[in-house]
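Positions are given from 1 along the sequence. Just so it is clear, the model here is predicted, and its values are computed rather than measured.
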Amino acid sequence: ADTSNPDIDYDAFIAWENLFRRDNLRVSCRFEGVKLAEALNKICRAADSSLWLNAAYGENGGLTFRRHSIPKTRDNVFGEDLCYNMEVQVDTMQMANCFYTYGDFNPETKEHEIMVSAWDYTNINTFGLKEQSYKDENVWHVGSLSALNHAEQMVTRFGAPCKVFKIKTGMAALGHTIGDTVRLTHSFWEIGSSTGSIINRLKLDLLNPSWEIWAEATQVFQAFFLDQSP
């Protein structure tokens, strides 16, 4: 539980933990006969986060944690000059313009004692009702505020159909890792750089130096300057 643990990028873990402390997001866990990898993945699903072994990049290496909503450290643009190939898929399976999060699981009664919901009425009117839920007996949110935070996060990310990009590029992708943001531009697909995409999978070909990147379109909030006289 400190920087002496060589298996964890502890700086990344502390930043991840502080984010949940700020948002008052709390979960409880109860594991019996569950493998460690499965337990960690369940925790990350409850926290809408990614977990990966950062062996090649990063200051510390080891297990790295990152929530999908936080700003990413890299934000580079990949256009047609850098991409050998680009494929675009629209993922409707994850759509959730109405999301239910169950919390406060009682191991004795085997029941969740709370359920909260978040709605995106604009997307419901556009695409129809798309319901999803989170309900788990190993990891559950403690209290309605934490559960609502999770439900609202899922509706924000998946209220509309999500675009998934697969691009092939050269060594321009060197130094990128899972969880980083890339901005893609392509005239044929009419894609501009205003929206970021989160990298969720990488593949490196050492024989023919190239990278394949799978990136999921997400909302990246733009900074602004308040240009108003007092």
Practice item. Could you check if a side-chain atom of F158 sits within less than 4.5 angstrom of a side-chain atom of M95, using non-hydrogen atoms only? Key: no
Exercise for review: Identify whether I167 and L204 are in the same connected component of the hydrophobic contact network (ILVMFWY, side-chain heavy atoms under 4.5 Å).
Suggested key: yes
Exercise for review: Before giving the answer on side-chain contact (heavy atoms from CB on, under 4.5 Å), spell out for R67 and F20 the whole-Å C-alpha distance, their side-chain angles and the decisive distance to 0.1 Å.
Suggested key: CA-CA 9 Å; R67 197 180 190 198; F20 298 126; 3.5 Å; yes
**Study point:** Under 3.5 Å: donor-acceptor pair, side chain of N97, backbone of K130
**Key:** yes
Revision key, fill the gap. Output for pair (W214 CH2, I199 CD1), nearest 0.5 Å, gives 11.5 Å
**Study point:** Same apolar cluster: L202 and M86, side chain cutoff 4.5 Å
**Key:** yes
Practice item. Treating Ile, Leu, Val, Met, Phe, Trp and Tyr as nodes and any side-chain heavy-atom pair under 4.5 angstrom as an edge, say whether Y100 and V139 lie in one connected cluster. Key: no
**Study point:** K168 atom NZ, over 12 foreign heavy atoms within 6.0 Å
**Key:** no
Review point. Under 4.5 Å between any side-chain heavy atoms of C83 and F78, yes or no?
Key: yes
Check your understanding: Side-chain contact, heavy-atom cut-off 4.5 Å: I114 with W140?
Key -> no
Point to revise | Non-hydrogen side-chain atoms of Q89 and K166 separated by less than 4.5 Å | key: no
Exercise for review: Evaluate whether atom CD of E131 has more than 12 neighbouring non-hydrogen atoms of other residues, nucleotides or ligands under 6.0 angstrom away.
Suggested key: yes
Revision key, fill the gap. One should read off an interatomic distance between L63 CG and Y10 OH, to the nearest 0.5 angstrom, of 13.5 Å
**Study point:** Side-chain heavy atoms of F99 within contact of E152, under 4.5 Å
**Key:** no
**Study point:** Spatial distance of atom CG (L19) from atom CD1 (I14) [nearest 0.5 Å]
**Key:** 12.5 Å
Review point. Under 4.5 Å between any side-chain heavy atoms of F105 and K135, yes or no?
Key: no
Practice item. Quick one: closest heavy-atom pair of K42 and Y134, and the distance? Key: O-OH, 4.1 Å
**Study point:** Minimal non-hydrogen separation, W16 against C44, with atom names
**Key:** CZ2-SG, 4.5 Å
Check your understanding: Which atom names give the shortest non-hydrogen contact between S28 and V142, and what distance separates them?
Key -> OG-CG2, 3.3 Å
Review point. Can S117 and W119 be counted as having a side-chain donor-acceptor contact under 3.5 angstrom?
Key: yes
Exercise for review: Working to the nearest 0.5 Å, report the span between CZ of F165 and CD1 of I198.
Suggested key: 12.5 Å
Practice item. Check whether any side-chain N or O of D104 sits under 3.5 Å from a backbone N or O of G143 as a donor-acceptor pair, and report yes or no. Key: yes
Point to revise | Test item: I43 and F31 side chains (from C-beta on) under 4.5 Å apart, heavy atoms | key: yes
Practice item. Evaluate side-chain contact (heavy atoms from CB on, under 4.5 Å) for R157 paired with E216, printing each intermediate quantity in order. Key: CA-CA 10 Å; R157 293 189 59 222; E216 176 185 288; 2.5 Å; yes
Exercise for review: Look at the aromatic rings of H141 and H150 and report parallel, tilted or perpendicular, splitting at 30° and 60°.
Suggested key: tilted
Exercise for review: Provide the closest heavy-atom pair for V34 versus A39 in the form atom of the first, atom of the second, distance.
Suggested key: CG1-N, 3.9 Å
Revision key, fill the gap. Between the CG atom in N41 and the OG atom in S50, the distance rounded to the nearest 0.5 Å is 10.0 Å
Practice item. Verify the cluster assignment for M154 and M93: are they in a single hydrophobic cluster under the rule of side-chain heavy atoms below 4.5 Å apart? Key: no
**Study point:** Main-chain N/O of L145 paired to N149 side chain as donor or acceptor, under 3.5 Å
**Key:** no
Point to revise | Whether E137 side chain and R30 backbone form a donor-acceptor pair below 3.5 Å | key: no
Practice item. I would like to know whether L148 and T101 meet side-chain contact (heavy atoms from CB on, under 4.5 Å); could you show each step before the answer? Key: CA-CA 7 Å; L148 183 60; T101 298; over 6 Å; no
Review point. Within a strict 4.5 Å, meaning less than it, do heavy atoms of the T64 and L51 side chains meet?
Key: no
Review point. About how many Å separate OG1 of T185 and CZ of R183, when rounded to the nearest 0.5 Å?
Key: 11.5 Å
Study note, to complete from the structure: Note: S197 and A215 closest approach over all heavy atoms is CB-CB, 3.7 Å
Revision key, fill the gap. For Y84 and S210 the tightest heavy-atom approach is CE1-CB, 4.3 Å
Exercise for review: Report yes or no: do L207 and M171 belong to one cluster of Ile/Leu/Val/Met/Phe/Trp/Tyr joined by side chain heavy-atom distances under 4.5 Å?
Suggested key: no
